[in-house]
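Here is the naming used below: chain letters follow the sequence lines, and residue numbers restart at 1 for every chain. These numbers were taken from a predicted model, which means no experiment stands behind them.
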Amino acid sequence: MSWDPVYQLIKTIPRGQVTTYGLLAKALKIRGGARTVGHAMAATPSGEGIPWHRVVAAGGRLIIREPIASKQRKLLESEGVPMRNGRVEISSCLWTPPSARAKPRKKASPRTRTASER
DNA sequence: CATCTGACGACCG
DNA sequence: GCGGTCGCCAGAT
């Protein structure tokens, strides 16, 4: 599965703002929601110019484990993202995707879904 | 092919 | 406001 749309969307996140996994999932109409987006992040090529640190969990909380959690926090501060006690003030810097351009909704022919579908 | 785990979210206490 | 539990899908074993 190519998470290109996810990466592209993350790349469009303005500096100083952040978004959440669930938001990205909704915007891209990704099945499974946040969880699947999380997998996409895990598969994100390191150092590819993808501001993965701008993606946080719901409520602006960093649920990621160490040591990347600390690094993300540092990066966020560097970006100028308001934080409070280790939690991002998502209410003040939350960025919502303009709109979804990709639509992984395969569904397609109501006929012979055979073995292509899960 | 079956099962577990995992960069999460929403709900409940 | 914080912590624990259940449910979601995809990927790895």
Which parts of nucleotides 6-13 of chain B does protein reach within less than 4.0 Å, heavy atoms only, written one letter per nucleotide 5' to 3' as B for base, S for sugar-phosphate only and - for none? BBBSS---
Please round to the nearest 0.5 Å and tell me the distance separating atom CD1 of A/Ile10 and atom OG1 of A/Thr19.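 If we round to the nearest 0.5 Å, A/Ile10:CD1 and A/Thr19:OG1 are 8.5 Å apart.
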Whichever hydrophobic residues join A/Ile63 through chains of side-chain contacts under 4.5 Å: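 None; A/Ile63 is a cluster of one.
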Partner set under side chain to side chain donor-acceptor pair (under 3.5 Å) for A/Ser70, not counting sequence neighbours: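 Here the qualifying residues are A/Glu66.
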Please enumerate all residues that pass side chain to side chain contact (heavy atoms under 4.5 Å, CB included) together with A/Ala25, with sequence neighbours excluded.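 Listed in chain order: A/Ile30, A/Val37.
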Which pairs of donor and acceptor atoms, one on a side chain in residues 72-90 of chain A, lie under 3.5 Å apart (sequence neighbours left out)?
from: A/Gln72; atom 1: NE2; to: A/His53; atom 2: O; distance (Å): 2.9
from: A/Gln72; atom 1: NE2; to: A/Val55; atom 2: O; distance (Å): 3.0
from: A/Glu79; atom 1: OE1; to: A/Arg54; atom 2: NE; distance (Å): 2.8
from: A/Glu79; atom 1: OE1; to: A/Arg54; atom 2: NH2; distance (Å): 2.4

Return the value, rounded to whole Å, for the distance between atom NZ of A/Lys29 and atom P of C/dC9.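 Interatomic distance, NZ of A/Lys29 to P of C/dC9: 17 Å.
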